[in-house]
Structures are given as structure tokens and as C-alpha cells.
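Just so it is clear, the values below take in all heavy atoms, side chains as well, and ignore hydrogens, waters and symmetry mates. Throughout, numbering of the chain's residues begins at 1 and tracks the sequence.
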Amino acid sequence: MTDYQSDLLRLLSARGYLHQLTDAAALDALARREVVPGYIGFDPTAPSLHVGSLVQIMLLRRLQQTGHKPVVLMGGGTGKIGDPSFKDEARKLAGDDVIAANIAGIQRIFERFLRFGDGPSDAVMVNNAEWLDELEYIPFLREVGQHFSVNRMLSFDSVKLRLDREQSLSFLEFNYMILQGYDFRELARRQGVRLQMGGSDQWGNIVNGVELARRMDGTEVYGVTTPLLTTADGQKMGKTVAGAVWLHEDQLPHFDYWQFWRNTDDRDVGRFLRLFTDLPLDEIARLEALEGAEINEAKKVLANEATALCRGPAAAEEAAETARLTFEEGASGAALPSITASGSLPLVDALVALGFAASKGEARRLIKGGGARIDGEKVSDEAALIAVADVPVRISAGKKHHGLVNPG
């Protein structure tokens, strides 16, 4: 581990956030001398971010915890294009109203992780539509475009991936990296930003911005990326069989969010505690050393801490109690997803209504494969009916998804 002198880089290194730095020594010295405004960009492609963005959100939180200033850049302008980095195909373009609604939803998430205000280290949220929407094409090409080499842009892995697969990369998407580099330069001028952070897939875009700020304004700015985060079994973080793990409760119930963390692979517990909680490192070392059945206690701590940060302490307590009642006592917890019915209801319909299957066909396959249970009893009959009388009926899909059918 590099012997950093600043609280910022020491903390980021100790907790496993650092992958690449453009000039580690200069950034380390800067962070020791003064408050460093640093930013990460987020494109508002949905009304919530998901767990795949959580490393970056926590990176901004760590920035603030060490006395520096987080700048949350919402891509109201670049979101009209869509980042092509390591995507197999172009995103569908959203309209202004949808983008504005998405930004409003995402802002509510950040307010839980960061302290916003007017102080030196208080977070601010800005929208790149402020400057991108006003650009005139020919002046922009003359002023900014001359600093970008097409040869070099074609060499970036994010572009080569699409070209090597002979998948279309539109000229619109190709411009994204120029606009992101321009964002860094504009934020340096408008907000005094000296640091851009992002995932390892953003390295090329970040370096573009560092070079553009130096060439156009003579400003020294810096870049940091985090490692590509995959689970111990090689899966991309935040993706599950049931879909994305959304940070906002409008998209995912508290219990399902808590349960995602509770189901962490044993091998990932220590790493996730360092990245996604504020627990002290010595306590994390104690928890990750647990073995056998005891590691489940560490997973519960991870679930409680991660859920409390994102959803609030009350949501974490509610979800933990629901899990205890559901799994340890066989009862039904109030935080489980639920539907209402009367008389009898096909199990297939219940699985779809609870969101455990995307279609009736998928529900039938789940039942046929032995993955569905009614009140803990495995059901293999695709035509099975749920008898709804006076008490809720617990429906399970696999080991991780549970819901209730309440009497109507």
C-alpha cells in the first residue's frame, strides 16, 4: 500500500477504492494543503440509481468525510446522448421532462449520503445542461474539437469493444467523450473543481478532461478511478436474477434491499463492509475473520449498515425484524412485498404480481424447477392454487424472494 500523506488518499487506499490516479503525488499534496472540490458524473437514465453506482456515491461520501467538497454532476446534457462506454448498443434517448423527473428522484438518494449546503465542504449538485445546451456547434468544434485526436479516441477500449464486435457506434455517441472532457474543464472554471473520480471504465474520459483543462486553461486537475467491482463469483455488482438492485424504495422495497446485502457471498463480506459502510476498519477486520455459521452475523451487520445509510435506520430495523420473523420464527414480516386476494388465486398469478417472475411462462418454469413455495412448502404443480382465507399466505421464489398474499 502506498504511503499517502493526505487523509483523503489514505482513507481511499485503506478501504479499497483506488485503482488508477493521474498524478498521485501531486493530488496527495493538494489534498493536504486545501479543500479539494471533486466530482463524479451520473447520467439520469432512470428515476433511481442502482447498487452498481454505489461505489461512486460512497467515493463522494469519503471525499466529504475527509474535509473536501463533493460535486454531484447530473448529466442533463450528456444524458440526451448516453455514455457508450462498454455498452453493446446505444441507449434510448430520453426527453427533457423525463430527464428532469429522473434528476429529481436521484437527488433524493444523494441527500441521504451527503451533506448539502453552502459551506466549504458541503456538497452541491450541478447539471451539465447549463453549459452544454448553450453550445454552438461550429464554435465548439473550433475551440474544443481541435484538442481531441480521433486516432486516440478510436484506441480507447470502450470504443474498440463496439468496433471489434462490428456493433454500430453512432456519431452522437462518439461525441460523448468530448463532452465529458469539456464538463471537467467547465467545472474547473465554474466550481474550482480539481478532481474527477469514476469507475475504471471512465479512465479514458477522465484523462481527456485532465488534458483539455491543461491545454485550454493551463489548469492542473487530477483523476482517480475505482477498480471494476465484481462479486466473488464473477458477477457484475448490482445485477441479480430478479433485475437491478435499485437504491430508491419506489423501485425496490426496503426488505429486498436489505436481503440483497444479507445474501452477500462469504468471500465478499470484508470488502463490502469497507466499501459500503462507515464501520471502523478494526471492527471490519474482526467481522471478516468470522468463520462457518458465524459469518452470517457479519452479513447481517453489512445488511443493517448498508440499508441504514441508503434507506435510513428505521428501514434497516424493519427489514432486519422482517427477516428474523420470516426465517427464524417462520412468521410473516410486515415489510415483505404483498398483494391482496380473496378465495383462491393461481400461484402463477401471485408470482407475477409480486414481481418474482416477469411472465406467467417464467412463473411456470420456476414452479416446475422446484423454486416456488407456499408457506414454506415446495410446490411443483404449475396449476396450484393459493387458498386465501383469514391469514396472510407466504409465497417464496427461491431462497431470497418472499412475499405475502393478504386476504382481501
Side-chain angles (χ1 to χ4, degrees), residues 1 11-19 50-59 61-62 199-200 226-247 252-311 313 315-330 333 335-336 356 369-371 373 376 378 396-402:
M1 185 181 296
L11 178 66
L12 296 185
S13 178
R15 286 191 171 261
Y17 292 96
L18 293 182
H19 180 52
H50 56 68
V51 166
S53 298
L54 195 52
V55 168
Q56 309 311 320
I57 296 173
M58 291 299 294
L59 201 53
R61 182 177 175 86
R62 303 304 184 207
S200 58
T226 56
L228 175 66
L229 189 61
T230 56
T231 57
D233 59 4
Q235 298 298 309
K236 190 173 182 180
M237 181 68 182
K239 299 293 185 181
T240 68
V241 174
V245 181
W246 297 104
L247 300 182
L252 186 74
H254 296 319
F255 176 78
D256 289 347
Y257 188 78
W258 187 94
Q259 192 66 20
F260 166 77
W261 296 105
R262 171 62 182 81
N263 291 327
T264 294
D265 189 294
D266 293 2
R267 297 166 289 178
D268 288 326
V269 172
R271 184 165 56 123
F272 286 4
L273 282 166
R274 281 186 285 275
L275 290 172
F276 301 118
T277 81
D278 287 340
L279 283 180
L281 291 174
D282 56 353
E283 174 64 6
I284 293 173
R286 184 190 72 80
L287 288 169
E288 71 176 328
L290 297 175
E291 297 180 349
E294 289 187 336
I295 194 67
N296 289 324
E297 295 307 310
K299 293 181 184 182
K300 291 177 185 177
V301 172
L302 170 62
N304 290 337
E305 294 290 327
T307 304
L309 268 180
C310 184
R311 304 293 184 85
E317 291 172 12
E318 180 186 79
E321 179 63 8
T322 295
R324 188 183 69 80
L325 290 170
T326 302
F327 303 116
E328 296 176 16
E329 298 185 7
L336 291 175
F356 299 160
R373 296 189 302 282
K378 187 178 292 186
S396 302
K399 296 180 179 179
K400 302 178 181 179
H401 299 289
H402 308 273

Review point. Charged N to carboxylate O below 4.0 Å: is that the case for Arg267 and Asp233?
Key: no
Review point. So, do Leu309 and Phe276 sit near enough that their side-chain heavy atoms are less than 4.5 Å apart?
Key: no
Review point. Does a donor on one side chain and an acceptor on the other come within less than 3.5 Å for Tyr257 and Arg311?
Key: no
Point to revise | Heavy-atom side-chain contact between Arg15 and Leu281 under 4.5 Å | key: yes
Review point. Under a 4.5 Å cut-off applied to non-hydrogen side-chain atoms, are Glu305 and Leu279 in contact?
Key: yes
Review point. Just wondering, do Gln56 and Thr226 contact through their side chains at under 4.5 Å, heavy atoms?
Key: yes
Review point. Which distance, rounded to the nearest 0.5 Å, do you find between the NE2 of His254 and the SG of Cys310?
Key: 9.5 Å
Review point. Does Glu283 reach the side chain of Val301, with side-chain heavy atoms less than 4.5 Å apart?
Key: no
**Study point:** Any Lys299 side-chain heavy atom under 4.5 Å of Asp266 side chain
**Key:** yes
Check your understanding: Parallel, tilted or perpendicular for Trp246 and His50, by the 30°/60° rule?
Key -> perpendicular
**Study point:** Approximate separation, where rounding is to 0.5 Å, of Gln259 CD and Thr322 OG1
**Key:** 10.0 Å
Exercise for review: Classify the ring geometry between His401 and Phe356 as parallel (under 30°), tilted (30 to 60°) or perpendicular (over 60°).
Suggested key: tilted
Check your understanding: Roughly how far, to the nearest 0.5 Å, is the CZ atom of Arg262 from the CG atom of Asn304?
Key -> 10.5 Å
Exercise for review: Find out whether Met58 and Leu275 are in side-chain contact, i.e. whether some heavy atom of one side chain is under 4.5 Å from a heavy atom of the other.
Suggested key: no
Review point. Out of curiosity, Asp268 CG to Thr230 OG1, how far, rounded to the nearest 0.5 Å?
Key: 8.0 Å
Exercise for review: Mind listing the closest non-hydrogen atom pair of Thr307 and Ala315 along with its distance?
Suggested key: CG2-C, 4.3 Å
Check your understanding: Which heavy atom of His19 sits nearest a heavy atom of Ser200, and at what distance?
Key -> CD2-CB, 3.7 Å
Exercise for review: Check Leu273 against Thr277 and note the closest heavy-atom contact, atom names and distance.
Suggested key: O-OG1, 2.7 Å
**Study point:** Shortest non-hydrogen contact from Arg274 toward Ala14
**Key:** CD-O, 3.8 Å
Point to revise | Validation row: Arg271, Leu229 side chains within 4.5 angstrom (heavy atoms) | key: yes
**Study point:** From CA spacing to verdict: side chain to side chain contact (heavy atoms under 4.5 Å, CB included), Leu290, Val269
**Key:** CA-CA 10 Å; Leu290 297 175; Val269 172; over 6 Å; no
Review point. Should the pair Phe255 and Trp258 be assigned to parallel (<30°), tilted (30 to 60°) or perpendicular (>60°) ring geometry?
Key: parallel
Practice item. Hey, could you give me the CG/CZ distance between Asp265 and Phe272, rounded to the nearest 0.5 Å? Key: 8.5 Å
